Amino acid sequence: MSQDNVRRRIVGRGIALPGNDINTDRIMPARYLKSVTFEGLEAHLFEDDRRQAADHPFNQTYYRGASILVVGQNFGSGSSREHAPEGLRRWGIRGIVGESFAEIFFGNCVAIGLPCLTLNAADGGWLMEAVARYPEQEILLDVENRLVRFVGRTFPGMIPDGARHQLLTGTWNATGVLLEAGDAIELVAKRLPYVTGY
Amino acid sequence: MAETLLDKIWRAHTVRTLPSGQTQLFFGLHLIHEVTSPQAFQMLREAGLRVRFPERTFATIDHIVPTASQARPFGDVLAEEMTVHLVRNCKEFGIPLFDLDSGRQGIVHVIGPELGLTQPGMTIACGDSHTSTHGALGALAFGIGTSQVRDILATQCLALDKPKLRQISIEGTLHRGVYAKDVILAIIHRLGVKGGVGYAYEYAGSAIEAMSMEERLTICNMSIEGGARVGYVNPDATTCAYLKGRSFTPQGDAFDRAVTWWMSMATDPGAAFDDVVRMDAGDIEPMVTWGINPGQSVGVGERIPDPVAAPEPDRAAWSEALTFMSLQPGRPIVGTPINVAFIGSCTNARLSDLRAAAEVARGRKVAKGIRALVVPGSQAVAGAAEAEGLHEIFQEAGFEWRKAGCSLCLGMNEDKLTGREVCASSSNRNFKGRQGSPTGRTLLMSPAMVAAAAIAGKVTDVRKLLG
């Protein structure tokens, strides 16, 4: 696997996006899914929320160039649209840290090499406020050691073993690994009654 | 040792344990549509890969399809382009497509069960979060993103962690006027929109066992709204009777053998769960959402809640929701004025849903100024509804009778809310902006409740119209 795909540690300025249950319809409104590519999605990230709130974090010039997104609970709930993490990635986000993630969104992020680490509520709340106060400071997301560091404080950052392994070995594009099973795939198919006609 | 359906299906489909510790799981059925598949096909081309099992993937067109007329080319050039790409991709890779002229087109989660493609004991994936729907037949069905659509096309497998399992047991009998939609809204209200993260939901108990297959499809459909990627009901006599004689269901002796295998996949008596939740069917009222996620709901007899009374972590979210919805805490939800009524979506656009709504609409008129539409879930549902005259009941009452598609559930075609319109909707998401207008507002409820709201012009207790 290419070293370029390894996601061991991510360092960058943060962007604090408060609120829970921010769903993928809000991250990427459905009208921008009418395309056969993911190109240009970054321009429409949080578009409706941004238009309705001048103080939306993604409207702030001081967050420009940030690469680590700080979120609350259940981020990315709702639709399975990979357009949401693709929009974030194309905008420049390289890692996400929050209190919890919706499951399909989490999987989609890993599948495009975007690590998501979770913090407990107290640490998450502290980080959200601290990043808003010190947007010029860098956050460290340490996938390997399961840590999050900001302005001298270090927290445990949780990530499931499987996702962590995929990120550390650069195998988050799972196709190659799955193909390595070879004929074992056909062998499983052939023992399933519905494949063989019962 | 007693096993669950989750255990049995997981074991039967395991190819191997991956170096990451995840399971490489084989998928028996893959469903695709025009929105989340084109990039996956492009990735496949760029990697020089073929579709490994083209006979195990099926396609249809649903999200962007216009519902006033399905004549090609579509007026919306972007929608037309996506359709052209889907048709071309299916042809190039040898994937069967239920196109608009097939008589079998419809919302992917309506046609899978309807055609008998969805069967007990299967693993199913689709690039759509409401894939959980198919679990109603005793399958494990996962909503996936586009990279995973690519993985399935290339390998028929995914790399997954096995979820934990929560049994949700609903005992007792539902009151008249209370539908499957109300049950799942009540479950999500109880467990929250993130309560199911990391879990599969097994729906059980006498109320679930008494449900028709279409009712179970409604329940499983909204598992993801409670955070659970997968939800299922164990296969039983209702499941087998539903499947008999469908296009892709085995026939003759093969059907009998299939039934034996299907029933063997059900959770064994005495199997252990990671969690069990019990609810009483008799406690459930017709439900209406007042907020911006599907957990923010009340019984139709209740009042809009006051954020002051909210648990502390939810207080800000309740306030944000009420501000967006322009609803007053303390007021009864009944009487909330609406502008639009939508009966449709993968949650509630099957024949029994349309029958329930037609029972309310029959001989009545949609209130002045209300835009009301009925969008059948598939061409087959539309045909069956027309054969029994439901379209005429709706049209005489002042509803528009449309062609099959996702429509106003997510506003990717011409069917959208305008400005701050309020929509009584039988769909699954009341998210900000969900129905095509960034400031549009959605009240989720059962199809019968939507019909009642259309007639009254405001939220109404459907039980008063059922006599």
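When reading the values below, keep in mind they use all heavy atoms of this one structure, side chains included, and skip hydrogens, waters and symmetry mates. Below, chains carry the letters A, B, ... as their sequence lines are ordered, and counting in each starts from 1. Values in this document were obtained by computation on a predicted structure and should not be read as measured data.
Residue A/L192 touches chain B through its side chain alone, counting heavy-atom pairs closer than 4.5 Å. Contacts between B/N293 and chain A at a heavy-atom distance below 4.5 Å involve the side chain alone, from C-beta outward. In this structure, chain A has heavy atoms under 4.5 Å from both the backbone and the side chain of B/T123. Of the two parts of B/T131, neither the backbone nor the side chain holds a non-hydrogen atom closer than 4.5 Å to a non-hydrogen atom of chain A. Contacts of A/A121 with chain B are absent, with no heavy-atom separation under 4.5 Å from either backbone or side chain. B/Q119 touches chain A through its side chain: at least one heavy atom from C-beta onward sits under 4.5 Å away, while N, CA, C and O do not. With a 4.5 angstrom heavy-atom cutoff, B/H63 does not touch chain A via any of its atoms. Using a 4.5 Å cut-off between heavy atoms, B/A258 touches chain A through backbone and side chain atoms alike. Only the backbone of B/Y199 comes within less than 4.5 Å of a heavy atom of chain A; no side-chain atom from C-beta onward does. Heavy atoms closer than 4.5 Å to chain A are found in the side chain of B/L18, but not in its backbone. Within the 4.5 angstrom heavy-atom criterion, no atom of A/R51 approaches chain B. For a residue to count as touching a neighbouring chain, one of its non-hydrogen atoms must lie under 4.5 Å from one of that chain's; by this rule B/L86 does not touch chain A. In this structure, the portion of A/S35 lying under 4.5 Å from any heavy atom of chain B is its backbone and not its side chain. Neither the backbone nor the side chain of B/F142 comes within less than 4.5 Å of any heavy atom of chain A. Residue A/F105 does not touch chain B at all, counting heavy-atom pairs closer than 4.5 Å. Proximity to chain A is limited to the side chain of B/R16, based on heavy atoms less than 4.5 angstrom apart. There is no contact between B/P294 and chain A, counting heavy-atom distances below 4.5 Å. Neither the backbone nor the side chain of B/D314 comes within less than 4.5 Å of any heavy atom in chain A. Looking at B/M122, both its backbone and its side chain come within 4.5 Å of chain A, counting heavy atoms on both sides.
Contact detail for B/S147 and A/A111: the closest heavy-atom pair is CB-CB, 3.6 Å. A/I104 and B/G145 make their closest contact through CG2-N, 4.4 Å (heavy atoms, listed as atom of the first residue, atom of the second, distance).
With chain A as partner, the option from B/G28, B/G227, B/G21 having the largest number of non-hydrogen pairs under 4.5 angstrom is B/G28. Chosen from B/R52, B/K416, B/M43, the residue pairing most often with chain A at heavy-atom distances under 4.5 Å is B/R52. Annotation: maximal heavy-atom pairing with chain A below 4.5 Å, among B/D151, B/L78, B/V15, occurs at B/D151. Ranking A/D161, A/T24, A/L179 against chain B, the residue ahead of the rest is A/L179, based on heavy-atom pairs under 4.5 Å. Interface summary for chain B: among A/N108, A/V36, A/V188, the most heavy-atom pairs under 4.5 angstrom belong to A/V36. Your options are B/P163, B/G121, B/P250, and the one with the most heavy-atom pairs under 4.5 Å with chain A is B/P250. Counting heavy-atom pairs closer than 4.5 Å to chain A, the top-ranked of the candidates B/G143, B/A317, B/G411 is B/G143. The residue among B/R429, B/E34, B/R257 with the most heavy atom pairs within less than 4.5 Å of chain A is B/R429. Contact tally against chain B (heavy-atom pairs below 4.5 Å) for A/N23, A/L33, A/N20, A/T37: the top residue is A/N23.
The number of heavy-atom neighbours closer than 6.0 Å to OH of A/Y134, taken from other residues, nucleotides and ligands shown, is 12 or below. Enclosure of atom CZ in A/R149 is not indicated, since only 12 or fewer non-hydrogen atoms of other residues, nucleotides or ligands lie within 6.0 angstrom.
At a threshold of 4.5 Å between non-hydrogen side-chain atoms, the residues B/M82 and A/K34 count as touching. Inter-residue side-chain proximity for A/R81 and B/T146 is flagged as unmet; no heavy-atom pair is nearer than 4.5 Å.
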Requested in this report: Determine, stepwise, if the pair A/I185 / B/F53 fulfils side-chain contact (heavy atoms from CB on, under 4.5 Å).
Outcome: CA-CA 10 Å; A/I185 299 173; B/F53 291 78; 3.8 Å; yes

Query raised in the report: Can B/K432 and A/D25 be said to form a side-chain contact (heavy atoms from CB on, under 4.5 Å), step by step?
Result: CA-CA 8 Å; B/K432 287 180 178 177; A/D25 272 87; over 6 Å; no

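Separation of atoms CZ (B/F431) and OG (A/S79) is listed at 8.5 Å; rounding is to 0.5 Å. A distance of 8.5 Å separates OG of A/S80 from CD1 of B/I224, quoted to the nearest 0.5 Å. Atom-to-atom distance recorded for A/L178:CG and B/F26:CZ is 12.5 Å, nearest 0.5 angstrom.
Within the 3.5 Å criterion, the main-chain N or O of A/H165 finds no donor-acceptor partner in the side chain of B/S20. No donor-acceptor distance shorter than 3.5 angstrom exists from the side chain of A/D48 to the backbone of B/P438, with no hydrogens or angles considered. A/E103 places no side-chain N or O within 3.5 Å of a backbone atom of B/V197 that could act as its donor or acceptor partner. Between the B/K194 side chain and the A/A102 main chain, no donor and acceptor come within less than 3.5 Å of each other.
Side-chain atoms of A/T175 and B/R150 form a donor-acceptor pair, as typed in the model, at a separation below 3.5 Å. Defined by atom type and a distance below 3.5 Å, a donor-acceptor pair is missing between the side-chain atoms of B/W262 and A/Y194.
Screening A/E39, A/H83, A/E82 for a side chain to side chain contact (heavy atoms under 4.5 Å, CB included) with B/Q39, the sole residue that qualifies is A/H83.
Salt-bridge check for B/E414 with A/R31: failed, with every basic side-chain N at 4.0 Å or more from each acidic carboxylate O.
B/T439 meets the side chain to side chain contact (heavy atoms under 4.5 Å, CB included) test with A/Q52, B/R420, B/S437; sequence neighbours excluded.
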